[in-house]
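Structure record follows, encoded as structure tokens.
Below, all heavy atoms of this structure are taken into account, side chains as well, without hydrogens, waters or symmetry copies. On a predicted model such as this, the values are computed, not experimentally measured, just so you know. Every chain is numbered from 1 and lettered A, B, ... according to where its sequence line falls, protein lines coming before strand lines.
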Amino acid sequence: MSNKLIGEMGLHTKISNIFAARNIITAKDALSMTEFELMELLDVGMKEIRLAITLISEATSPPCQSARSLLERKVENEHLSGHLPTHLKGLDETLCGGIPFGVLTELVGPPGIGKSQFCMKLALSASFPVAYGGLDGRVIYIDVESKFSSRRVIEMGLKSFPEVFHLKGMAQEMAGRILVLRPTSLANFTESIQELKDSILQNQVKLLVIDSMTALLSGENKPGAQRQPQLGWHISFLKSLAEFSRIPIVVTNQVRSQNRDETSQYSFQAKLKDGLQEHTKTYDSHLVAALGINWAHAVTIRLVLEAKSGQRIIKVSKSPMSPPLAFPFHITSAGISLLSDNGTELKGPGINTIHARGHSDMINFHGDCS
Amino acid sequence: MEAWRLPLSPSIRGKLISAGYTCLSSIASVSSSDLARDANITEEEAFEILKLANQSCCNGSRSLINGAKNAWDMLHEEESLPRITTSCSDLDNILGGGISCRDVTEIGGVPGIGKTQIGIQLSVNVQIPRECGGLGGKAIYIDTEGSFMVERALQIAEACVEDMEEYTGYMHKHFQANQVQMKPEDILENIFYFRVCSYTEQIALVNHLEKFISENKDVKVVIVDSITFHFRQDYDDLAQRTRVLSEMALKFMKLAKKFSLAVVLLNQVTTKFSEGSFQLALALGDSWSHSCTNRVILYWNGDERYAYIDKSPSLPSASASYTVTSRGLRNSSSSSKRVKMM
């Protein structure tokens with residue numbers, strides 16, 4: 001929309017020519033400047049500028065919909081009203097059906113907690129036929145750290161959906177729908193996702209998994225300040241990709257330790273002394289999600305996987321439509337499964353902190369559950 | 001001064017008010033032919049109204065500067081201004097009754113604190129009919145991030161309808177039996193949703209809103225969620241960004257004043273280095289922080305979500321706690337010592 005040409009908007013020829021003469025060709029060029037600046041640049045009176053801007057704005061504005069028609073469209077057109085079931089009952093209920101279409105969902109947690117396992121299970125369930133709760137489509141799995149194991153995926157399929165997988169040729173077909181990409185650099189990744197944009201609808205891609213986003217960006221050896229603009233472009237692109245193709249995009253993120261100068265307070269909070277609890281720095285409150293606060297704003301749903309006293313927990317840390325519930329889970333040969341479908345509701349900063357206490361004991365544990 | 005105080009016949013008064021001319025200053029600044037056309041009355045009637053309006057205005061303010069109002073009239077106008085409730089009475093109290101119309105209010109906070117929730121709650125609450133103490137208006141929701149989840153809006157709308165039924169059941173004797181009951185789908189029908197995908201579209205939409213709202217005069221709140229997103233991503237020239245943002249802020253203020261509606265801008269946070277350490281602050285920079293009339297910051301305090309009035313021309317700095325429930329924003333159920341004044 002922002003690249004709409006001014007020449008085609010039905011402006012008066014005279015002013016249209018003036019715009020073109022000054023190299024203001026698209027709506028973006030015209031609207032990026034203030035009215036005063038345009039007046040100076042084009043040597044035209046304020047009244048004509050205002051009129052031109054009004055016409056350009058009207059042509060460039062997005063269309064209006066009522067919230068009701070949004071809901072109706074979702075219910076009619078999209079599978080399960082736009083959700084990909086995770087087959088984890090408690091989580092699906094909390095998320096009103098599953099991972100929503102059209103937005104970014106983030107999985108964040110310490111290493112070895114089960115993010116890639118979750119992603120592989122999701123990829124598998126998306127490839128299933130609709131009768132078994134899947135989306136009957138292809139999955140694009142961007143595997144940066146080489147964590148994707150097809151053997152594991154087939155094992156998960158055999159154990160959790162035996163009736164489907166034992167059918168002849170099903171395993172091959174399901175696994176055949178998952179396309180794995182291993183980009184070697186950020187530039188490589190950028191190219192691939194740009195190509196994807198056109199082919200998603202044609203090739204019936206129903207899910208995009210990026211595992212992990214952090215690894216892509218940390219591979220670049222540029223200093224911290226440079227990372228912000230790069231990330232900005234990718235955030236916008238991924239969000240618009242999700243929305244236009246109406247597919248869920250699942251991204252995994254890693255954790256990092258909190259810098260000493262980091263804070264989570266505003267300047268006025270020092271003055272307000274009403275029951276302000278001092279942040280007791282315990283061992284495990286030093287972990288925060290990587291990629292920064294800009295990224296945290298951009299994702300719509302954030303699922304935190306963490307370990308607390310040897311128990312793995314998945315919690316819905318940020319979601320516009322669910323309360324902050326935490327579910328204990330474990331990983332078996334069939335993938336992730338919840339130990340309890342009744343989540344415990346979290347309060348306060350517990351929603352956002354990431355624990356890794358007792359975690360190292362778990363990774364060394366041999367056997368099939370913790 | 002209110003238009004209904006003019007000595008006019010009820011039908012003409014009704015036509016005036018339904019065309020949107022509720023106070024004298026809006027009548028005084030329009031020509032008789034425009035007034036006739038807008039309010040669907042004859043030219044002579046329009047001329048009479050203008051004569052009356054001129055007589056009723058104070059001579060002092062009319063003769064000195066064109067368009068000025070004296071402070072006493074403004075006080076009356078402000079007091080009669082409706083406010084949009086946030087469904088959380090503590091929050092309403094520190095806001096002086098709710099989000100004020102005719103003002104631009106900025107609400108900012110960390111991710112997950114409830115900014116989108118407040119936005120959705122306000123777009124539902126603005127539709128509460130006048131008989132139940134609301135504004136009976138419509139809402140415009142400008143979504144720049146894709147965080148508007150329509151299922152959540154439906155949940156909040158259903159809870160609102162249930163609360164209204166309880167309220168009208170309690171006050172039953174005052175209302176007619178043929179009161180049309182609002183349904184959650186009707187509430188969703190009155191939320192005009194725009195999805196903005198770039199800053200160009202955002203600027204274009206703000207310019208276009210004036211025309212849109214003059215065609216839909218019932219709109220009483222414009223919510224932008226969030227104002228920051230597109231301006232943070234790939235805007236190269238920061239100085240120009242500041243200029244474009246200030247122009248946008250002025251346009252919003254003009255919209256708020258002209259159509260007597262509330263503008264609520266939701267903002268994100270960033271860290272900035274000040275007073276020797278890193279602190280959280282609302283995004284878009286220091287120049288932007290001057291642009292909005294009112295500023296509310298949402299933050300975590302211990303286990304609870306709090307809202308703090310950071311900037312307001314008439315309200316004292318205070319903070320109050322709130323919770324987000326499945327029915328929307330509500331009071332938090334903890335102790336009584338919640339509202340803290342500075």
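- Both the backbone and the side chain of Gln65(A) come within contact range of chain B, each with at least one heavy atom under 4.5 Å from a heavy atom of that chain.
- Atom-to-atom distance recorded for Arg152(B):CZ and Ser319(A):OG is 9.0 Å, nearest 0.5 angstrom.
- Phe148(B) touches chain A through its side chain: at least one heavy atom from C-beta onward sits under 4.5 Å away, while N, CA, C and O do not.
- Distance CD/Glu151(B) to CG/Leu70(A): 10.0 Å, rounded to 0.5 Å.
- Considering only heavy atoms from C-beta on, Asn294(A) comes within 4.5 Å of Gln268(B) through its side chain.
- Of the two parts of Arg305(B), only the side chain, counted from C-beta on, holds a non-hydrogen atom closer than 4.5 Å to a non-hydrogen atom of chain A.
- The shortest side-chain heavy-atom distance between Arg243(B) and Phe36(A) does not fall under the 4.5 Å cut-off.
- Among Thr270(B), Val324(B), Val269(B), the residue making the largest number of heavy-atom pairs under 4.5 Å with chain A is Val269(B).
- Of the atoms belonging to Ser240(A), not a single heavy atom falls under 4.5 Å from chain B.
- For the set Leu71(A), Ile301(A), Val75(A), the entry with the most heavy-atom pairs within less than 4.5 Å of chain B is Leu71(A).
- The parts of Val244(B) that come within reach of chain A are both its backbone and its side chain, each placing non-hydrogen atoms under 4.5 angstrom from that chain.
- With contacts defined as side-chain heavy-atom distances shorter than 4.5 Å, the pair Pro62(A)/Arg195(B) does not qualify.
- Taken to the nearest 0.5 Å, the CG atom of Asn207(B) stands 10.0 Å off from the CZ atom of Arg50(A).
- Using a 4.5 Å heavy-atom threshold, the side chains of Met149(B) and Val103(A) count as touching.
- Looking at every heavy atom in both residues, Pro111(B) comes nearest to Ile293(A) through CD-CG1, 4.2 Å.
- Put simply, OG on Ser61(A) and NZ on Lys211(B) are 10.0 Å apart, with the number rounded to the nearest 0.5 Å.
- Contact check for Thr200(B) versus Thr26(A): no side-chain heavy atoms found under the 4.5 Å cut-off.
- Only the side chain of Leu154(B) comes within less than 4.5 Å of a heavy atom of chain A; its backbone N, CA, C and O stay farther away.
- Ser32(A) touches chain B through backbone and side chain together, each having a heavy atom under 4.5 Å away.
- For a residue to count as touching a neighbouring chain, one of its non-hydrogen atoms must lie under 4.5 Å from one of that chain's; by this rule Glu145(B) touches chain A with backbone and side chain alike.
- Heavy-atom pairs under 4.5 Å with chain A were tallied for Val196(B), Val110(B), Ile113(B), Val150(B); the largest tally goes to Val150(B).
- The part of Phe244(A) that comes within reach of chain B is its side chain, from C-beta onward, which places non-hydrogen atoms under 4.5 angstrom from that chain.
- Gln117(B) places a side-chain N or O within donor-acceptor distance of the main-chain N or O of Pro320(A), the cut-off being under 3.5 Å.
- Highest contact tally toward chain A, considering only Gln155(B), Gln240(B), Lys115(B), is held by Gln240(B) [criterion: heavy-atom pairs under 4.5 Å].
- Nearest heavy-atom pair, Phe194(B) versus Pro63(A), reported as atom, atom and distance to 0.1 Å: CD2-O, 3.7 Å.
- The distance from the CD1 atom of Ile156(B) to the CE atom of Met321(A) is 12.5 Å, given to the nearest 0.5 Å.
- Neither the backbone nor the side chain of Lys138(B) has a heavy atom closer than 4.5 Å to any heavy atom of chain A.
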Could you give the side-chain donor-acceptor pairs of residues 90-97 of chain A under 3.5 Å, partners two or more places apart or in another chain?
{"unit_1": "Asp92(A)", "atom_1": "OD1", "unit_2": "Thr86(A)", "atom_2": "N", "d": "2.9"}
{"unit_1": "Asp92(A)", "atom_1": "OD1", "unit_2": "Thr86(A)", "atom_2": "OG1", "d": "2.7"}
{"unit_1": "Asp92(A)", "atom_1": "OD2", "unit_2": "Thr86(A)", "atom_2": "N", "d": "3.2"}
{"unit_1": "Asp92(A)", "atom_1": "OD2", "unit_2": "His87(A)", "atom_2": "N", "d": "3.1"}
{"unit_1": "Thr94(A)", "atom_1": "OG1", "unit_2": "Gly90(A)", "atom_2": "O", "d": "2.8"}

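- Here the CD atom belonging to Glu247(B) is positioned 8.0 Å from the CD atom belonging to Glu37(A), to the nearest 0.5 angstrom.
- Counting heavy-atom pairs closer than 4.5 Å to chain B, the top residue among Lys318(A), Glu35(A), Glu58(A) is Glu58(A).
- Near-neighbour residues of residues 185-192 of chain B relative to chain A, defined by a heavy atom under 4.5 Å from a heavy atom of that chain, comprise Glu185(B), Asp186(B), Leu188(B), Glu189(B), Ile191(B), Phe192(B).
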